[in-house]
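Report on the following structure.
All values reported here derive from a predicted model rather than from experimental measurement. Only this structure's heavy atoms are used, side chains among them; waters, hydrogens and symmetry mates stay out. Just so we're on the same page: letters track the sequence lines, and every chain starts at 1.
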Amino acid sequence: MTYWLLKSEPDVWSIDQQIKAGSKGAVWDGVRNYQARNNLKKMKVGERCFFYHSNIGKEIVGIVEVTKEAFPDKTDKNNKFFAVQVRFVEKLEKPVSLESIKKNKKISHLKLITQSRLSVMSIDYKSWKIIYNMGKIK
DNA sequence: GCCAACGTTGGC
DNA sequence: GCCAACGTTGGC
């Protein structure tokens, strides 16, 4: 079981749109980075991902779950990239901001901080739990 | 809106 | 295969 973090600009695709997509979920496409693609391909049905709002908000707002493993991204003409499908699981009671992740030494090693341009990354379980708990405290 | 960091492209 | 030029992402 691997845990993940997915980045999206809420302008383009937000957690609320993800909620509206319902239990079948929605295609997560548009990834045009090889490292992110390689991560996408490793994702398995049932695995959970943090949903991060980049640019606007800069915070982890909720959790989604993989419902379909990597398949060719239809929006990519060259057929080089892949997409997955995810469905909404829950919103964090309190979004966990990039700032608070940076401040917490236990999780400041995350690629979210050290490799800010990567849009799909794995999260070790320890860090997952820390962030999850941060999101539970109102 | 700017720009640093990083990834990709293409000429050689 | 190197690397300069260019494009994109995302924090600020």
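For A/W28 and A/F51, the distance between ring centers is under 6.0 angstrom. The ring of A/Y3 has its center closer than 6.0 angstrom to the ring center of A/Y125. Between A/Y34 and A/F81, the distance from one ring center to the other falls under 6.0 angstrom.
Contact annotation: A/K7 side-chain N/O to C/dG10 OP1/OP2 distance is under 4.0 Å. Of the side-chain N and O atoms in A/Y52, one or more sit less than 4.0 angstrom from OP1 or OP2 of C/dG11.
The interatomic distance linking A/Y34 (OH) with C/dT9 (C1') rounds to 17 Å, in whole Å. Remark: P of C/dT9 and CE of A/M121 are 14 Å apart, rounded to the nearest angstrom. As a whole-Å value, the separation of A/D11 CG from B/dG1 P is 13 Å. The distance from atom CH2 of A/W13 to atom C1' of C/dG10 is 21 Å, rounded to the nearest whole Å. Distance A/Q115 CD to C/dG10 C1': 13 Å, rounded to the nearest Å. Atom CD1 of A/I101 and atom C1' of C/dG10 are 15 Å apart (whole Å). For the pair A/N33 CG and C/dT8 P, the computed distance is 14 Å after rounding to whole Å. Residue A/I56 contributes atom CD1, which lies 13 Å from atom C1' of C/dG11 at whole-angstrom precision.
Relative to the side chain of A/R117, the nucleotides B/dT8, B/dG7, B/dC6 differ in distance, and B/dC6 lies closest.
Between A/N55 and A/S116, it is A/N55 whose nearest contact on DNA chain B lies nearer the 5' terminus. With the nearest nucleotide of DNA chain C identified for both A/K102 and A/G30, A/G30 has the one nearer the 5' end.
Between the A/K7 side chain and the A/S116 main chain, a donor and an acceptor come within less than 3.5 Å of each other.
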